[in-house]
A.B. asks: 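Take this structure, written in structure tokens, and hold onto it; I'll ask about it next.
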2 protein chains.
Amino acid sequence: MTVMERAPVKARNTCAEDTGHPRPTGQDRYSISEVVAHTGLTAHTLRWYERIGLMPHVDRTHTGQRRFTNRDLDWLDLVGKLRLTGMPVADMVRYAELVREGEHTFAEREELLTAHRENVRERIAELRSTLEVLDHKIDVYADARRASERV
Amino acid sequence: MTVMERAPVKARNTCAEDTGHPRPTGQDRYSISEVVAHTGLTAHTLRWYERIGLMPHVDRTHTGQRRFTNRDLDWLDLVGKLRLTGMPVADMVRYAELVREGEHTFAEREELLTAHRENVRERIAELRSTLEVLDHKIDVYADARRASERV
DNA sequence: CCCTTGCTTGGAGTGCACTCCAAGTCAATA
DNA sequence: TATTGACTTGGAGTGCACTCCAAGCAAGGG
């Protein structure tokens with residue numbers, strides 16, 4: 001039974017430092033399936049990330065298989081966070097390009113992240129305001145239920 | 001110059017009770033373009049919402065044009081909130097069905113909203129944890145920038 | 001030697017949430 | 001009467017982020 005290609009099972013992933021998945025070995029060359037187990041992404045998605053330029057040039061074995069480093073796992077953790085907060089893939093690719101271009105892009109990277117931080121703050125505010133509406137509506141339904149139980 | 005069909009301009013909408021758009025008239029029969037102005041949705045989207053069963057049967061004039069009520073606007077405000085918090089359209093349609101079916105669906109509606117509230121809470125937690133990462137990275141870049149300015 | 005496992009590739013397909021199109025109706029104005 | 005503008009419909013198209021497919025290769029076990 002292989003561990004590969006299973007759907008992410010609506011994988012709001014139990015990612016990284018969380019619980020189950022420490023770095024597979026202490027070593028620094030992980031196969032794609034190890035990375036799948038670690039990140040909750042599918043192998044398809046990892047290959048796709050690389051194709052579109054969202055990975056910092058992954059190393060290969062002499063037979064052409066990918067070998068990911070701890071640095072790659074760190075990067076994927078960051079990408080996962082940005083993704084969960086709704087940053088478009090195109091923006092993440094842009095950020096990856098800036099990283100590849102070197103230290104003279106620090107300012108632009110800072111801008112990009114600052115803009116995204118502002119987005120995230122707005123999203124939080126939206127979610128909180130919806131939470132109030134939900135609380136209120138749920139209360140109304142709960143009251144109705146209790147009233148009907150108390151007949 | 002028509003007001004219709006303009007793109008939502010990345011419309012994190014300034015919706016409802018917020019600022020600019022009070023209920024168009026004090027009356028209770030709004031044309032589709034009035035609702036567009038009020039909600040920030042496009043006319044396309046409003047018609048699509050109706051087609052898929054996400055609206056509570058919108059009234060028509062004798063010539064077949066839609067006339068929305070204040071109740072419809074309230075509903076659209078709720079839908080907007082649920083949408084911004086990432087509830088899938090299918091779930092919103094399910095909720096709309098329950099509303100149409102009457103008061104005996106109160107319990108199921110409460111369940112659906114409670115489940116979504118839990119999602120929203122998780123999303124908020126995710127966003128906050130990302131915010132910390134962003135703050136940290138932005139600090140690092142800002143420090144680097146200040147260091148290079150202070151040469 | 002053959003089979004299975006684990007991986008490789010480019011390209012095609014999927015699901016969601018819109019978004020747009022073509023063709024038409026109706027009411028009001030020029 | 002002709003045109004304009006706001007609206008109608010069913011169905012087709014779009015963009016995003018995956019998701020999968022077919023064909024193939026290398027290494028190890030029976």
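Just so we're on the same page: letters track the sequence lines, and every chain starts at 1.
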A.B. asks: Between Ser33(A) and dC7(C), is there a side-chain N or O to OP1/OP2 distance below 4.0 Å?
C.D. replies: yes
A.B. asks: Applying side chain to side chain donor-acceptor pair (under 3.5 Å), can you list everything that pairs with Arg60(A), at least two apart in sequence or on another chain?
C.D. replies: Glu50(A)
A.B. asks: Heavy-atom nearest nucleotide on DNA chain C for Gly86(B) versus Thr63(B): which residue maps closer to 5'?
C.D. replies: Gly86(B)
A.B. asks: Between Ile52(B) (CD1) and dA17(C) (C1'), how many Å, whole number?
C.D. replies: 8 Å
A.B. asks: Mind checking what makes side-chain contact (heavy atoms from CB on, under 4.5 Å) contact with Ala142(B), not counting sequence neighbours?
C.D. replies: Glu110(A), Arg145(B), Arg146(B)
A.B. asks: Partners of Glu111(B) by side-chain contact (heavy atoms from CB on, under 4.5 Å), sequence neighbours excluded?
C.D. replies: none
A.B. asks: Quick one: on DNA chain D, does Thr45(A) or His62(A) contact a more 5' nucleotide (nearest heavy atom)?
C.D. replies: Thr45(A)
A.B. asks: Between atom CH2 in Trp48(B) and atom P in dT8(D), what is the gap in whole Å?
C.D. replies: 17 Å
A.B. asks: Under 4.0 Å: is that the gap between some side-chain N or O of Arg47(B) and OP1 or OP2 of dT8(D)?
C.D. replies: yes
A.B. asks: I need the CG-P distance between Leu76(B) and dC18(C), as an integer number of Å.
C.D. replies: 12 Å
A.B. asks: Could you state the CG-P distance from Leu46(A) to dG6(C), rounded to the nearest angstrom?
C.D. replies: 16 Å
A.B. asks: Gln65(B) side chain: which of dC18(C), dC7(D), dC18(D) is closest?
C.D. replies: dC7(D)
A.B. asks: Nearest to the side chain of His44(A), heavy atoms from C-beta on, is which of dT8(D), dC18(C), dC21(D)?
C.D. replies: dC21(D)
A.B. asks: Would you mind telling me which of dT8(C), dC7(D), dC18(C) lies closest to the side-chain atoms of Ile32(B)?
C.D. replies: dC7(D)
A.B. asks: Distance check needed: dC7(C) P versus Glu50(A) CD, whole Å only.
C.D. replies: 14 Å
A.B. asks: Which nucleotide wins on minimum distance to the side chain of Arg83(B), given the candidates dC18(C), dT9(C), dC18(D)?
C.D. replies: dC18(C)
A.B. asks: State which residues pass side chain to side chain donor-acceptor pair (under 3.5 Å) with Tyr141(A); sequence neighbours excluded, sorted by chain then number.
C.D. replies: Tyr95(B), Arg109(B)
A.B. asks: Enter the inter-axis angle for the ends of the helix from dC1(C)-dG30(D) to dA30(C)-dT1(D) (five pairs per end, rounded to 10°).
C.D. replies: 30°
A.B. asks: Taking donor-acceptor contacts at under 3.5 Å, does the side chain of Arg51(B) reach the base of dG11(D)?
C.D. replies: yes
A.B. asks: Could you go step by step and tell me if Arg67(B) and Val58(B) meet the side chain to side chain contact (heavy atoms under 4.5 Å, CB included) rule?
C.D. replies: CA-CA 7 Å; Arg67(B) 285 298 174 266; Val58(B) 178; 5.9 Å; no
A.B. asks: Would you say the base of dG6(C) and the side-chain of Arg66(A) have a donor-acceptor pair closer than 3.5 Å?
C.D. replies: no
A.B. asks: Nearest whole Å is fine: how far is dC16(C) C1' from Asp91(B) CG?
C.D. replies: 13 Å
A.B. asks: With a cut-off of less than 4.0 Å, is there a side-chain N or O of Tyr49(B) near OP1 or OP2 of dC18(C)?
C.D. replies: yes
A.B. asks: For Asp91(B), give me all partners under side chain to side chain donor-acceptor pair (under 3.5 Å), at least two apart in sequence or on another chain.
C.D. replies: none
A.B. asks: Assign Arg60(A) to base, sugar-phosphate, or nothing according to its heavy-atom contacts below 4.0 angstrom with the strands shown.
C.D. replies: sugar-phosphate
A.B. asks: Quick test of your reading of the model: are Asp59(A) and Arg29(A) salt-bridged, counting only N-O distances below 4.0 Å?
C.D. replies: yes
A.B. asks: Check this for me: does any side-chain nitrogen of one of Glu97(A) and Arg100(A) sit under 4.0 Å from a carboxylate oxygen of the other?
C.D. replies: no
